[in-house]
Undergrad: 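Attaching a single structure in structure tokens format; questions to follow.
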Protein chains: 2
Amino acid sequence: MLTIKDVAELAGVTPMTVSNVLRERGRVGEATRQKVLRAVEASGYRPNLTARALVERRAPTLALLLGCITNPFYPQFTLKATHAARRHERHLLVCNTDYEGDGGIGFLAEVAGSLSDGILVANNGALSIEDLQTVQQGGTPVVISVWEFPDAPPPGIACVTFDSTAAGRIATEHLTALGHQRIGAVVASEKGGIHNGRYDGYRSAMRAAHLRALQADVRFCSDDYQSGYDAATALLTARPDLTALFVSNDLPALGVLNAVWALGLRVPEDVSVVSITDIEQASQSRPALTTVSIPTTEMAEQGVNLLLQLIEERAGEQAGAAPVVHTSAPTLVTRASTAPPRRQEPTSRT
Amino acid sequence: MLTIKDVAELAGVTPMTVSNVLRERGRVGEATRQKVLRAVEASGYRPNLTARALVERRAPTLALLLGCITNPFYPQFTLKATHAARRHERHLLVCNTDYEGDGGIGFLAEVAGSLSDGILVANNGALSIEDLQTVQQGGTPVVISVWEFPDAPPPGIACVTFDSTAAGRIATEHLTALGHQRIGAVVASEKGGIHNGRYDGYRSAMRAAHLRALQADVRFCSDDYQSGYDAATALLTARPDLTALFVSNDLPALGVLNAVWALGLRVPEDVSVVSITDIEQASQSRPALTTVSIPTTEMAEQGVNLLLQLIEERAGEQAGAAPVVHTSAPTLVTRASTAPPRRQEPTSRT
DNA sequence: CTGTTAGCGCATTCAC
DNA sequence: GTGAATGCGCTAACAG
């Protein structure tokens with residue numbers, strides 16, 4: 001490996017001068033500067049970031065912990081976070097923890113404080129708050145960048161939140177405003193799980209419209225295409241009088257769309273479908289998905305900003321409560337998967 | 001930050017003993033071992049990987065360089081590579097180079113040899129072979145893990161290849177075997193670009209079936225959904241007698257599917273569509289996409305294996321030609337987007 | 001089995 | 001403006 005010493009000799013200066021030139025610190029004469037630059041160029045020398053990180057007590061990168069990289073939301077979020085990091089001249093390392101037996105804490109512990117100066121978490125997975133607290137106590141700032149519950153921030157961990165309940169409410173209100181009365185729900189998490197805020201929004205909108213949200217009209221499932229497909233098939237088979245479906249996330253909603261079609265029904269003529277997130281694929285489905293857009297870009301940017309800020313403050317070991325950053329309200333994106341119910345039948349069967 | 005010295009004092013031993021216990025090197029008495037383990041547990045100590053990497057002259061991770069993380073192929077490939085790396089007790093760092101002004105070489109240079117012991121490249125982007133060679137000369141092994149041209153490996157860089165021409169041929173033969181004679185092509189790269197092998201396969205199958213592959217029946221476009229949509233719209237508008245479309249990649253093929261539909265035509269009744277890759281979304285489209293599956297998992301695994309092997313051999317600085325690993329033949333996955341042409345019309349219009 | 005000495009490649013602090 | 005000391009946290013090689 002080429003070291004700074006080699007380049008220094010090649011340029012006829014001391015290592016320190018090379019270092020100063022490369023980092024644009026300290027004052028270096030223009031002539032020396034050029035000499036050094038030429039030597040660097042000629043030798044193809046690259047500073048060893050490991051050594052630099054060791055002595056500077058700061059890593060050169062930020063890390064983004066992902067629970068499931070194949071869920072299209074995460075790559076899209078990652079891209080935005082990458083851009084945000086770049087704007088601050090940081091590189092973002094993406095760590096995918098799918099199927100790590102320990103939920104990713106091992107990966108986290110290795111990366112934290114060594115390879116990375118701070119951790120952004122966008123996990124839909126098994127990582128516990130306690131684990132994150134442990135890492136943070138080790139001196140590496142942690143920010144949860146997609147937190148669903150603005151009113152119940154994670155204890156001791158900084159986060160960026162969006163109003164998931166509002167998202168669920170807006171989606172469902174769109175359906176009730178259209179005149180739907182028999183509205184089922186496909187919730188892509190366990191009951192009381194990560195999508196509980198979205199589900200609460202659904203229930204609150206149902207109540208507001210004086211409609212009953214029956215247990216039988218709700219299915220809980222996993223957050224993927226196939227689970228959405230299966231849940232919708234089961235739900236519509238059991239409750240054929242449903243005229244609309246609220247789905248808690250776009251990815252399973254894409255499955256719902258195909259399930260409705262496979263059942264021989266049409267969207268939106270027979271069944272309207274609305275969901276939440278507005279991933280890229282939502283506009284590419286047939287029919288295009290009406291969905292409630294959540295501020296993905298904003299969360300990525302705010303997450304990076306907050307993390308950088310915590311890194312700055314780290315010396316001070318902030319004693320106060322962990323900061324909570326709220327983001328813009330979700331907004332409805334009306335596309336082609338929703339329409340008024342075909343006939344305003346009296347709520348016949350239950 | 002907690003150092004090894006702190007733990008050593010806490011356990012009443014020297015740092016060396018702590019190090020030995022943690023890495024299971026050297027012989028340590030069981031009593032001492034327990035003492036150390038307890039001290040580590042109590043203090044929550046984590047070794048600083050930066051320092052360890054510096055002295056061991058080896059980084060703890062592998063890096064995967066991605067050109068475009070939002071293209072669903074890459075997350076799916078990443079997942080497989082992550083698993084492969086885990087099986088070798090390595091962590092995989094994902095580096096997304098989208099929109100890096102320099103095509104990612106800066107990121108690469110930083111990561112290479114510092115944060116990472118070797119680089120896996122799965123780039124559809126701007127990274128040049130020269131850049132990779134430079135990095136490799138710096139002492140960090142590089143493997144291109146998705147190389148399209150088995151007969152023309154990248155000079156000086158190890159790679160894992162698949163037979164892209166066979167893939168293109170198999171896809172097109174499927175169409176000709178079905179009886180199609182007017183087969184257009186949507187190629188998702190510039191002319192002579194990354195999908196040229198696939199395109200060659202199309203042309204060779206057309207020749208073999210004694211069909212003419214007219215320039216006018218081919219469109220070159222970018223490798224994304226919308227470009228596929230636009231290209232198909234233009235192509236089918238200009239050449240309405242086409243009964244089938246060969247698309248060089250699944251992602252634009254999904255766009256093609258919707259474009260056909262938007263034109264008021266039906267797949268496969270009016271137009272058959274076949275493509276290449278078999279990403280997850282190929283089976284989720286309506287109709288499900290007939291496609292030629294390329295050995296994604298195998299490439300990810302072989303890429304990791306090859307990289308690890310090069311890392312082992314690094315001391316020897318292998319002089320021979322860079323290794324080329326060939327993977328299993330692509331295979332046709334017949335789904336619902338292809339069927340015989342509706343009427344076997346004489347090739348009327350040109 | 002355990003402790004000691006030395007140094008990985010770099011940047012900080014001060015002389016010159 | 002540039003050079004010489006010192007040490008980041010850890011482990012290799014050896015001494016005890």
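Residue numbers begin at 1 in each chain, while the letters A, B, ... track the order of the sequences.
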Undergrad: With respect to the phosphate group of C:dT2, does any side-chain polar atom (N or O) of B:T32 fall under 4.0 Å of OP1 or OP2?
TA: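 So the side chain of B:T32 is within the cut-off, an N or O lying under 4.0 Å from OP1 or OP2 of C:dT2.
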Undergrad: Are OP1 or OP2 of C:dG9 and a side-chain N or O of A:Y45 less than 4.0 angstrom apart?
TA: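 No.
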Undergrad: Taking any heavy-atom pair under 4.0 Å as a contact, classify A:P47: base, sugar-phosphate, or nothing.
TA: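 Sugar-phosphate only.
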Undergrad: Which nucleotide in the list D:dG9, C:dG9, C:dG3 gets nearest to the side chain of B:A51?
TA: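 Given the options D:dG9, C:dG9, C:dG3, the side chain of B:A51 is closest to D:dG9.
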Undergrad: Please determine whether a side-chain nitrogen or oxygen atom of B:T17 lies at a distance below 4.0 Å from atom OP1 or OP2 of C:dG3.
TA: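 Yes, because at least one side-chain N or O of B:T17 sits under 4.0 Å from OP1 or OP2 of C:dG3.
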Undergrad: Look at the side-chain N and O atoms of B:S19 and state whether any lies under 4.0 Å from the OP1 or OP2 oxygen of D:dT11.
TA: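 Yes, B:S19 has a side-chain N/O under 4.0 Å of OP1/OP2 on D:dT11.
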Undergrad: Within less than 4.0 Å of OP1 or OP2 of D:dA12, is there a side-chain N or O belonging to B:R25?
TA: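 So the side-chain polar atoms of B:R25 do come within 4.0 Å of the phosphate oxygens OP1 or OP2 of D:dA12, strictly under.
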Undergrad: Please produce a list of atom pairs where a protein N or O lies less than 3.5 Å from an N or O of nucleotides 13-16 of chain D.
TA:
none

Undergrad: A:L49 CG to C:dA11 C1': how many Å, rounded?
TA: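 Answer to the nearest Å: 13 Å.
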Undergrad: Are OP1 or OP2 of D:dG9 and a side-chain N or O of B:R52 less than 4.0 angstrom apart?
TA: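 Looking at the OP1 and OP2 atoms of D:dG9, neither is under 4.0 Å from any side-chain N or O of B:R52.
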Undergrad: What's the closest nucleotide to the side chain of B:V55 if the choices are C:dC10, D:dG3, D:dC10?
TA: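 Comparing C:dC10, D:dG3, D:dC10 against the side chain of B:V55, the answer is D:dC10.
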Undergrad: Out of D:dG9, D:dT11, C:dA11, which has the shortest distance to the side chain of A:L54?
TA: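 Nearest to the side-chain atoms of A:L54, counting from C-beta on, is D:dG9.
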Undergrad: By nearest nucleotide on DNA chain C, pick out whichever of B:R33 and B:E56 is the more 5' one.
TA: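 The residue whose closest nucleotide sits nearer the 5' end is B:R33.
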Undergrad: How bent is the helix from C:dC1-D:dG16 to C:dC16-D:dG1, measuring the angle between the end axes built from five pairs each, rounded to 10°?
TA: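 Rounded to the nearest 10 degrees, the bend comes out at 30°.
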Undergrad: Look at the side chain of A:T3 and decide which nucleotide, out of D:dG9, C:dG9, D:dT11, has an atom nearest to it.
TA: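 Closest of the options to the side chain of A:T3: C:dG9.
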Undergrad: Taking atom C1' of C:dT12 as reference, at what distance in whole Å does atom CZ of A:R58 sit?
TA: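 Nearest whole value for this atom pair: 15 Å.
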Undergrad: Please state whether the phosphate of D:dG9, meaning OP1 or OP2, lies under 4.0 angstrom from any side-chain nitrogen or oxygen of A:R57.
TA: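 Yes, within the criterion.
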